Amino acid sequence: MNIEKIISEKDFQLGIFSANCSGGFAATKIPERWPATWDDNVRLAQLADEVGIDFLLPISRWIGYGGETDFHGSVLEPISWASGLLALTKRINVFSTVNTAFTHPVVVAKQLATADQIGHGRAGINIVAGWNQPEYETFGIDLPSDHNDRYALAQEWWDVVSKIWISQERFDYDGKFYKLQHVEGMPKPYRGTIPVLNAGSSSQGRGFATRNSNFVLTSVMGPEDGAEIVKTLTNLAKQKYQRNVGVFTISHVVCRQTRKEALDYLHYYAEENADWEAVDNLMRLQKLHAKSFTEEMLRTYRSRFAAGHGSIPLIGTPDEIANEIRKFHEAGFSGMTLAFVDYVSELEYFAQEVLPRLERMGIRLPRLLKQEI
Ligand SMILES: Cc1cc2nc3c(=O)[nH]c(=O)nc-3n(C[C@H](O)[C@H](O)[C@H](O)COP(=O)(O)O)c2cc1C
């Protein structure tokens with residue numbers, strides 16, 4: 001993923017998010033909810049690869065959110081998941097989501113370099129500086145209450161990983177959190193480094209993201225507030241760090257032939273059959289420890305959390321959804337992630353109906369698909 005090219009060509013990137021987690025993005029009790037088995041993920045990744053989706057992005061989650069379904073109770077570990085999928089796909093980029101506080105940078109540098117060798121340069125990293133208190137308890141460590149400390153550790157962690165990738169010689173590292181001797185790492189990533197995503201939302205988080213990442217992930221209410229956030233983040237990156245960053249947001253999709261069918265299905269899985277206990281647990285933890293969603297979003301978005309983890313709803317006919325995506329493109333976003341209740345069958349329909357519309361609108365360049373390579 002070439003950030004400069006993506007920005008200059010305004011080629012809207014689409015990724016699939018959260019398919020490694022049971023339920024995906026939908027906290028629902030319907031029996032056909034996404035089980036997130038390995039075989040499902042392989043089918044999805046190969047389909048996404050074939051139809052021209054740009055990237056796959058997993059969630060890093062270590063304990064479920066409870067409720068009747070234990071939403072996100074079964075989660076394929078992101079680096080193992082990405083390595084397997086990179087071996088089984090040809091074109092698509094596959095990110096790993098990694099928690100800085102729960103992993104050692106020397107180990108992760110080698111794991112990701114290995115994954116990138118497997119994928120011949122298609123691995124990426126989504127860096128999570130940490131927010132979910134119960135997970136910290138699982139690991140037996142304290143969640144720093146101060147965002148400065150969370151991001152200071154994340155910065156050292158990333159400095160070590162990236163230094164391993166550029167250093168041709170052994171080095172020592174003397175930081176506040178890491179004191180390391182004779183560090184080395186071979187092989188390097190396939191092209192020396194890999195694309196970086198980050199979803200920090202606090203001022204410290206945004207500082208980290210604009211300083212270190214190629215793409216900043218952010219949750220927004222819609223294209224209007226989104227346009228402001230894109231401006232803020234891209235200006236911060238340019239002015240403070242002389243860098244270009246692309247900004248992505250997150251969505252969930254129910255695309256059907258008619259608007260009524262789409263709305264009925266949304267009602268079925270995310271109202272009638274929502275796992276409200278899991279939804280409330282997720283929202284409570286977000287409110288307590290993260291700044292991913294604003295107060296206003298957390299006050300008013302219970303349904304959006306049931307339907308798609310608080311992300312943008314893309315609900316309706318192929319025309320309506322393509323028009324809605326166009327608004328995010330016009331707002332300056334470089335791309336967005338998609339999630340479906342049944343990722344495989346619904347991606348098939350989305351690819352058939354929505355992707356060609358986006359190409360006709362000139363939002364996405366035609367992809368060089370598998371059969372044409
Ligand atoms: C799109 C998106 C993806 C994220 N992915 C994960 C994840 O997989 N695991 C996780 O623990 N946190 C994840 N987060 C949380 C962020 O990494 C970050 O901790 C959160 O946005 C809080 O930001 P803050 O630290 O600036 O308060 C994600 C957030 C967003 C918006």
Side-chain angles (χ1 to χ4, degrees), residues 13 15-21 23-25 36 55-65 71-72 75-79 81-82 95-103 124-139 143-155 157-158 196-213 215-221 226 229 232-233 236 246-252 282-283 285-295 297-298 301 304-305 308-312 328 333-339:
Q13 304 288 294
I16 303 285
F17 194 18
S18 193
N20 67 316
C21 300
F25 245 19
F55 64 95
L56 302 170
L57 179 63
I59 283 196
S60 162
R61 181 74 45 249
W62 300 91
I63 51 174
Y65 287 109
F71 181 51
H72 287 190
V75 173
L76 295 165
E77 188 283 314
I79 301 181
W81 171 91
F95 282 82
S96 297
T97 298
V98 188
N99 292 76
T100 54
F102 307 155
T103 59
I125 179 171
N126 173 24
I127 303 173
V128 174
W131 63 276
N132 194 2
Q133 169 101 39
E135 289 187 333
Y136 277 73
E137 289 160 7
T138 300
F139 283 87
L143 168 68
S145 56
D146 186 341
H147 270 67
N148 287 322
D149 293 337
R150 296 184 198 176
Y151 282 97
L153 182 142
Q155 190 62 55
W157 185 96
W158 176 239
V196 181
L197 301 185
N198 176 260
S201 312
S202 55
S203 59
Q204 296 89 340
R206 285 181 174 178
F208 179 89
T210 48
R211 173 174 170 187
N212 300 291
S213 66
F215 301 99
V216 187
L217 282 167
T218 181
S219 52
V220 297
M221 293 196 284
I229 292 173
T232 307
L233 291 167
L236 181 64
V247 184
F248 290 166
T249 193
I250 53 178
S251 77
H252 59 281
L282 166 61
M283 294 184 75
L285 289 167
Q286 284 283 347
K287 190 171 184 164
L288 283 173
H289 307 297
K291 297 205 167 61
S292 319
F293 299 91
T294 61
E295 295 255 321
M297 289 158 102
L298 289 169
Y301 276 5
R304 266 200 200 187
F305 269 89
H309 209 288
S311 64
I312 293 289
F328 287 89
F333 284 93
S334 298
M336 96 198 294
T337 65
L338 312 167

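For clarity, every value in this text was computed on a predicted model and none was experimentally measured. Numbers for residues simply follow the sequence, beginning at 1. When a ligand or atom number is given, it counts from 1 through the structure's own listing order.
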Legend entry - Aromatic ring proximity, centroids under 6.0 angstrom, F248 and F55: yes
Inset, instruction - Keeping the roles fixed (side chain from S213, backbone from L197), state whether a donor-acceptor pair exists under 3.5 Å. - result: no
Inset, instruction - Answer with yes or no whether the side chains of D146 and Q204 bring together a donor and an acceptor at under 3.5 Å. - result: no
Inset, instruction - For the pair S251 (side chain) and S311 (backbone), establish whether a donor and an acceptor sit closer than 3.5 Å, ignoring hydrogens and angles. - result: no
Legend entry - Closest heavy-atom pair and its distance - R304, H252: O-CE1, 4.2 Å
Inset, instruction - Anything under 30° is parallel, anything over 60° is perpendicular, the rest tilted; go ahead and classify H309 against H72. - result: parallel
Note down each nitrogen or oxygen pair, ligand 1 side and protein side, whose separation is under 3.5 Å; give only atom names and the distance to 0.1 Å.
from     : atom 1 : to   : atom 2 : distance (Å)
ligand 1 : 8 (O)  : S60  : N      : 2.9
ligand 1 : 9 (N)  : S60  : O      : 3.1
ligand 1 : 11 (O) : W131 : NE1    : 3.0
ligand 1 : 12 (N) : W131 : NE1    : 2.9
ligand 1 : 21 (O) : A199 : O      : 2.7
ligand 1 : 21 (O) : S201 : OG     : 3.3
ligand 1 : 21 (O) : S292 : OG     : 2.7
ligand 1 : 23 (O) : S201 : N      : 3.3
ligand 1 : 25 (O) : Y151 : OH     : 2.6
ligand 1 : 26 (O) : Y151 : OH     : 3.3
ligand 1 : 26 (O) : S201 : N      : 2.8
ligand 1 : 26 (O) : S202 : N      : 2.6
ligand 1 : 26 (O) : S202 : OG     : 2.5
ligand 1 : 27 (O) : H147 : NE2    : 2.7
ligand 1 : 27 (O) : K291 : N      : 2.9

